[in-house]
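What follows is a single structure, written as structure tokens, with notes after it.
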Amino acid sequence: MSDIRNNPYLAHMRDGDAASTDGRKEGTSASFNALVPLQTTAAQQEAVENDECSGLTGRPYTQKYQNILAKRRDLPVNKQRQKFLDLIHNNQFVVLVGETGSGKTTQIPQYMVYDMLPQVEGKMIACTQPRRVAATSVAQRVADELDVKLGQEVGYSIRFEDCTSSKTVLKYCTDGMLLREAMSDNLLSRYSAVILDEAHERTLNTDILMSLMKNIASQRLDIKIVVMSATLDSEKFQKYFNDAPLLSVPGRTFPVEIYYTPEPERDYLEAAIKTALQIHAAEPEGDILVFLTGEEEIEEACRLLRARGDELIRRANSGPLLIVPLYSTLPPNMQQKIFEKAPEPRTKGGAPGRKIVVSTNVAETSLTIDGIVYVIDPGFAKQKVYNPRVRVESLLVSPISRAAAQQRAGRAGRTRPGKCFRLYTEKSFNNDLIEQTYPEILRSNLGSIVLQLKKLGINDLVHLDLMDPCAPEVLMRALELLHYLGALDDDANLTDIGHAISEFPIDPQLAKMIISAQHYGCTNEVLSIAAMLSVPNVFIRPREAQRAADMAKAEFAHMDGDHMSLLNVYHAYKGCAEPTQWCWDNFLQYRSLKAADNIREQLRRVAAKNDIPLVSNDFNSPDYYPLIRKALTAGYFMQVAHLERNGQYLTVKDNQIVLLHPSSVLERKPEWVVYNEFVLTKRHYIRTVTEVKPEWLLEIAPQYYDLSGFPPCEGKRILEKIVLKNAISLEEQESKKRKKEKSEKREKKEKRDKSEKRDKKDKKEKKEKRK
DNA sequence: GAGCACTGC
């Protein structure tokens, strides 16, 4: 343990003993003079906070600091500070449950800093968040609380942005970011403690990180782990972390009354609209939040609400309504509308106006709207599901869990007591809804995750200690994919290609595409395509201007297919003078294109770091596009469809009937295509499609196109013919080669014989001369 | 001739 005299917080207290309060004396006396381990009490910590100068910077505290300090002392978590410190002193893991408003996210990391003084050993404390905005905004708040400049002693680290310095002691970061760091520093040796926040959300990254921390903790007895969650499902966390102790901190929210429908609702959209209007007509002032499942449904609900709201206002003299849709793909300026105030009464003293926000799940966790008093919860959400049999991820409207329903209801009690109207029966809530939403790890394709785990040095995936183990078939699919990509060898160990792929923060297929592009001389172009495939759809198609949008899109169409069209869009975007206006004029999503540009730059850096040359072919060469398509094939040879003679596309190897997605720029139907996505809706579609040649498949991925395992279909027969033809020509080549070799041998032999004869002759002559 | 919950590296 370190010398406590190095403690920058406590150091100044030695000098100022005379002026000490009791609390400070408690801190000064026995503990640090006796060189005890770095363990503080709540009183010591508070004394340090009460001091005139900051222990971190040595500067006097500002008035702003003092004002915030008063509020911090009032947080529920502060009353449990001593209890928390006792637990963390005596345990490697602590589970902390704290509801909204407990102050856990801002305070616990600070308590840890005071207690562990990571800077003494040149280390840091990390606190992870599932979302970027949370990481940045909380870091800013804590920097203010500690009276330091953001990016100095307190910082954050998210994709595209590292706001830390050599002085940083406390770092907020996304959980994905910490995972990336662990890939190059398997034991996270730069950290003396890791705090995992919002663990109840059970995102893919949080689950992997929990497993990783458990593993690291068994090898590093000096590291402390705090797992923070908002739900009461704490037993599962405690059990998982070797029966860790639990600390519960009450939240600070207002009570929310729950109402259920007496009978099940047949049409939840209709019921939601009716309920909203009833609230408007009968309930006191306060805004309404309605949860629906997707963009189309939300826009439809807004239309109906506006129409019927107008009628209500006319007939019943109700207050004016502001109806706002909210979903993530909504342009930012439209998203800002949710923060507008409810409209004023039409006449002085008239019925108050009201705001109704109709939102997807984005309002459940990611965005907080002030002033919401009423929540309407139909009980559904779109959720990701993964079907390993057909290797397809899709979105399905499904009932939410009880935990999610609780979370939604909580949105009504942020500023004052509220009400939540559940559009299902109480019986249904208790009997039909599952307790918790299935964690993401059980609903995802794990290709990328398995590769990351390998890179993290975790080889035994079957015995991987996860809170919810994933299905063996999902693991098999992931290993299979990585093996075919050449990322894993026959013993499932990382290959050189695998190491390279894992460096890229994108799907393994995309990374393989980039790595392969160097052999086709087109890394520049393929980087652009990979970036465009990693962002949300760039094409906008408003209902009221569909034809204009389609025409704008046609300008970018490339006859080889959608990938090349994306490349056209990217090039045009890079070449335009005023990006925002240009995007607007061309029905393109500026946000997506900007993101693509950002990602491309990141990918370019990773490529450069891995010695992948950044090259392009001559644009005027006839091979310019075919070579790009070959690189595409090197990543996506597992996603190929063949046009059968009956006019239907069949996926190769799975023999699924699929249709070209109507958004495709391909007007004809090429015989062989690679596709980026399999979309499962009413029908099976392949989306983002480009023409390829069957010869390429056999040439680029012979290990995958071992046709003996393929189900019979036209595509297979054609590939077999090519294999045969290749074999024949190979045989011909071989025999030619053999003939050539034979004749060469003969010639050589003749030469040799001749020279030998000559030598003999020479020797003979020499001999005779000597004689 | 159609859809796109939400995050994240």
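Each chain gets a letter, A, B and so on, in the order the sequences are listed, and its residues count up from 1.
Within 4.0 Å (heavy atoms only), A:S328 reaches sugar-phosphate atoms of the nucleic acid but no base atom. Backbone-only contact: A:Y685 has heavy atoms under 4.0 Å from sugar-phosphate atoms and none from a base. Residue A:Q383 is out of contact with every strand shown, counting any heavy-atom pair closer than 4.0 Å. In this structure, A:N361 reaches neither bases nor backbone, as no heavy-atom distance under 4.0 Å exists between it and the strands shown. Contact annotation for A:R683: backbone-only contact, meaning every heavy-atom pair under 4.0 Å involves sugar-phosphate atoms and none involves a base.
Map A:E296 and A:D507 each onto its nearest nucleotide of DNA chain B; the residue landing nearer the 5' end is A:E296. Comparing A:Q602 and A:T360 by the nucleotide of DNA chain B that holds the closest heavy atom to each, the one mapping nearer the 5' end is A:T360.
Every residue two or more places apart in sequence or in another chain that forms a salt bridge (Lys or Arg N to Asp or Glu O under 4.0 Å) with A:R202 is listed here: A:D207, A:D468. Evaluation of the salt bridge (Lys or Arg N to Asp or Glu O under 4.0 Å) rule for A:E181 yields A:K171, A:R190 as partners, not counting sequence neighbours. The ring pair (Phe, Tyr, Trp, His ring centres under 6.0 Å) check on A:Y570 picks up nothing, with sequence neighbours excluded. In this structure, A:R414 has no salt bridge (Lys or Arg N to Asp or Glu O under 4.0 Å) partners at least two apart in sequence or on a different chain. A:T495 is linked by a side chain to side chain contact (heavy atoms under 4.5 Å, CB included) to A:D489, A:I497, counting only residues two or more places apart in sequence or in another chain. With sequence neighbours excluded, the residues that form a side chain to side chain contact (heavy atoms under 4.5 Å, CB included) with A:S534 are A:I506, A:L510, A:I599. For the salt bridge (Lys or Arg N to Asp or Glu O under 4.0 Å) test, no residue two or more places apart in sequence or in another chain qualifies with A:K382. For A:R605, the side chain to side chain contact (heavy atoms under 4.5 Å, CB included) partners are A:E601, A:Q602, not counting sequence neighbours. Taking A:P662 as the reference, A:Y685 meet the side chain to side chain contact (heavy atoms under 4.5 Å, CB included) condition, with sequence neighbours excluded.
With a cutoff of under 4.0 Å to any heavy atom of chain A, the contacted region of DNA chain B is bounded 5' to 3' by B:dG1 to B:dC9.
A heavy atom closer than 4.0 Å to some atom of DNA chain B occurs in A:I158, A:R159, these being the qualifying members of residues 156-163 of chain A. Residues from residues 124-138 of chain A lying near DNA chain B, meaning a heavy-atom separation below 4.0 Å, are A:P130, A:R131, A:R132 in numerical order.
Residues A:T106 and A:R141 have side chains that never bring a donor and an acceptor to within less than 3.5 angstrom of each other.
Ring pair A:Y675/A:Y636: centre-to-centre distance not below 6.0 Å.
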